[in-house]
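We're numbering straight along the sequence, starting at 1. Read the numbers this way: they start at 1 and go in the same order the structure lists the ligands and their atoms.
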Amino acid sequence: KHEMAKAEHNNVTLGMVRDSLIRQEDTIVYSLIERARFPLNPPTYDPSYASIPGFSGSLLEFFVKQTEAVQAKAGRYDNPEEHPFFPDNLPPSLVPHYKYPEVLHPAAMSININKLIWDMYFNKLLPSFVSPGDDENYALTAARDLECLQAISRRIHYGKLVAEVKFRDERKDYEPAIRAQDRFTLTNLLTFTNVEEAVKKRVAKKAMTFGQEVKLGDDGDKGKYKVDPAIVSGLYADWVIPLTKEVEIDYLLRRLN
Ligand SMILES: O=C(O)C(=O)C[C@]1(C(=O)O)C=C[C@@H](O)C=C1
């Protein structure tokens with residue numbers, strides 16, 4: 001059984017990894033649409049609003065920490081594709097350990113850029129795609145934020161697997177650059193501008209398709225979307241793709257350790 005798992009993971013191709021990234025676009029676009037149903041709802045993020053007994057921080061932080069604790073107990077973070085936003089003091093998994101195939105170099109475990117993703121999401125992205133205002137749906141707002149964060153984080157950290165597959169395919173090119181710890185050459189090796197362009201176009205199209213008002217008859221609101229397609233492709237251009245590449249490089253730099 002173990003040999004089979006090994007054979008399977010050795011056969012992971014760049015095409016398969018990219019198919020997963022494409023599939024994850026759906027999740028990201030939908031999660032943004034769901035968050036955009038609510039206005040900004042600033043008290044969600046205001047530590048002085050929450051005043052939860054025994055907890056200092058915002059309602060959002062409370063929600064994320066508590067949710068991550070439950071999910072850690074249920075085994076979520078045993079999965080190498082999942083990365084917590086608050087990794088310190090997480091309770092251990094209480095469920096039987098599932099033996100995920102060991103595809104990645106062990107150094108992958110030390111890479112978690114969720115702090116950066118968190119800051120990007122709350123400081124840059126969120127204010128750009130929700131309306132200002134307050135409808136007092138703070139608990140739902142926090143839940144929607146976490147779904148966006150988890151979907152974006154999973155996609156960006158998928159860069160570890162992307163990098164592993166590229167390394168295996170072109171070991172001879174990657175090894176010297178890794179030994180020299182040469183970020184510039186690594187960036188050139190792993191960049192496919194045509195793929196990036198296609199990703200940006202596709203996510204804009206998905207935002208148009210998933211975010212249109214569906215009406216019977218032909219009186220639909222043409223050109224009105226639940227989340228602005230330009231913002232979705234901007235998110236990918238400015239953050240998702242660059243941070244995926246950052247994860248790829250962080251991983252490759254450690255790949256021969
Ligand atoms: O598909 C790849 O080869 C990736 O590395 C992923 C990705 C992306 O984030 O979408 C990043 C870098 C490449 O230039 C192209 C696309």
Side-chain angles (χ1 to χ4, degrees), residues 9-32 80-83 103-105 107-108 111-121 124-125 128-129 147-178 181-210 227-256:
H9 78 243
N10 281 333
N11 286 336
V12 180
T13 63
L14 190 53
M16 287 158 68
V17 172
R18 284 183 177 151
D19 282 346
S20 172
L21 294 180
I22 292 171
R23 170 63 189 79
Q24 292 180 53
E25 292 164 6
D26 300 5
T27 313
I28 292 175
V29 173
Y30 271 116
S31 66
L32 297 175
E81 289 176 21
E82 300 294 327
H83 300 76
V103 182
L104 300 175
H105 186 281
I111 301 169
N112 178 343
I113 63 163
N114 271 343
K115 178 84 185 70
L116 254 155
I117 294 171
W118 178 279
D119 291 343
M120 174 280 289
Y121 178 80
K124 303 278 187 341
L125 181 61
S128 76
F129 81 97
E147 284 184 0
C148 291
L149 285 165
Q150 287 178 329
I152 294 170
S153 169
R154 189 179 311 119
R155 196 287 183 191
I156 288 172
H157 287 99
Y158 217 74
K160 296 177 186 181
L161 187 59
V162 182
E164 175 62 27
V165 171
K166 287 179 180 170
F167 174 81
R168 289 185 194 179
D169 286 349
E170 281 162 36
R171 219 182 154 113
K172 275 204 268 340
D173 296 325
Y174 279 96
E175 273 193 5
I178 295 170
Q181 296 285 292
D182 177 353
R183 281 177 168 268
F184 181 78
T185 302
L186 288 173
T187 305
N188 285 338
L189 282 170
L190 62 79
T191 297
F192 295 79
T193 313
N194 59 330
V195 176
E196 293 184 19
E197 290 311 311
V199 169
K200 287 183 254 174
K201 281 202 192 120
R202 192 174 46 244
V203 293
K205 193 165 178 186
K206 285 182 178 180
M208 289 181 203
T209 308
F210 306 161
V227 59
D228 184 348
I231 286 175
V232 177
S233 70
L235 162 70
Y236 265 77
D238 297 342
W239 299 102
V240 175
I241 294 173
L243 291 178
T244 302
K245 291 164 79 163
E246 187 59 38
V247 168
E248 291 185 43
I249 291 166
D250 287 352
Y251 177 81
L252 288 166
L253 288 171
R254 297 166 165 85
R255 181 59 180 76
L256 298 174

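Within a 4.0 Å radius of atom 7 (C) of ligand 1, the protein contributes no non-hydrogen atoms.
Between the side chain of Q181 and the backbone N or O of I178, at least one donor-acceptor pair lies under 3.5 Å.
A salt bridge is defined here as a Lys NZ or Arg NE, NH1 or NH2 lying under 4.0 Å from an Asp or Glu carboxylate O, and E248 with K245 fails to meet this definition. With respect to the salt-bridge test (charged N to carboxylate O, under 4.0 angstrom), the residues K115 and D119 qualify. A salt bridge links R255 with E164; the closest basic N to acidic carboxylate O contact falls under 4.0 Å.
Of the heavy atoms in T193, none comes closer than 4.0 Å to ligand 1. No part of E197 comes within 4.0 Å of ligand 1, judged by heavy-atom distances. Counting heavy atoms closer than 4.0 Å to ligand 1, residue V162 contributes side-chain atoms (C-beta onward) but none from N, CA, C or O.
Note: F210 and Y30 have parallel aromatic rings, judged against thresholds of 30 and 60 degrees for the angle between ring planes.
With ligand atoms numbered from 1 in the order given, ligand 1 contributes 9 (O) to contacts under 4.0 Å with heavy atoms of T244. For ligand 1 and V199, the ligand atoms under 4.0 Å from any heavy atom of the residue are 10 (O). Applying the 4.0 Å criterion to heavy atoms of I241 picks out, from ligand 1, the atoms 8 (C), 9 (O), 10 (O). Set against the non-hydrogen atoms of T191, the atoms of ligand 1 under 4.0 Å away are 14 (O). Shown in contact with F192 at under 4.0 Å from a heavy atom are these atoms of ligand 1, numbered in order with element: 3 (O), 13 (C), 14 (O), 15 (C). When each atom of ligand 1 is checked for a heavy atom of E248 under 4.0 Å away, the hits are 4 (C), 5 (O), 6 (C), 11 (C).
In this comparison of E25, R202, K166, K245, the heavy atom closest to atom 5 (O) of ligand 1 sits on K166. Around atom 16 (C) of ligand 1, the closest heavy atom drawn from V195, L243, V17 belongs to V195.
Residue, atom and distance of the protein heavy atom nearest to atom 10 (O) of ligand 1 are R155 NH2, 2.8 Å. Among protein heavy atoms, atom 15 (C) of ligand 1 sits closest to E196 CG, 3.5 Å. Scanning the protein for heavy atoms near atom 1 (O) of ligand 1, the closest one is R18 NE, 2.7 Å.
Considering all non-hydrogen atoms of both residues, I117 and S153 come closest at CD1-CA, 3.9 Å.
Residue contacts with ligand 1: V240 is placed with no nitrogen or oxygen under 3.5 Å of a nitrogen or oxygen of the ligand (distance criterion only).
Among the candidates I113, L243, I152, the single residue satisfying the side chain to side chain contact (heavy atoms under 4.5 Å, CB included) test with H157 is I113. E25 pairs with exactly one of V240, V203, V232 by the side chain to side chain contact (heavy atoms under 4.5 Å, CB included) rule, that one being V203.
With sequence neighbours left out, the salt bridge (Lys or Arg N to Asp or Glu O under 4.0 Å) criterion links D26 to K206.
Taking 4.5 Å as the limit, every side-chain heavy atom of V199 sits out of range of all side-chain heavy atoms of F192.
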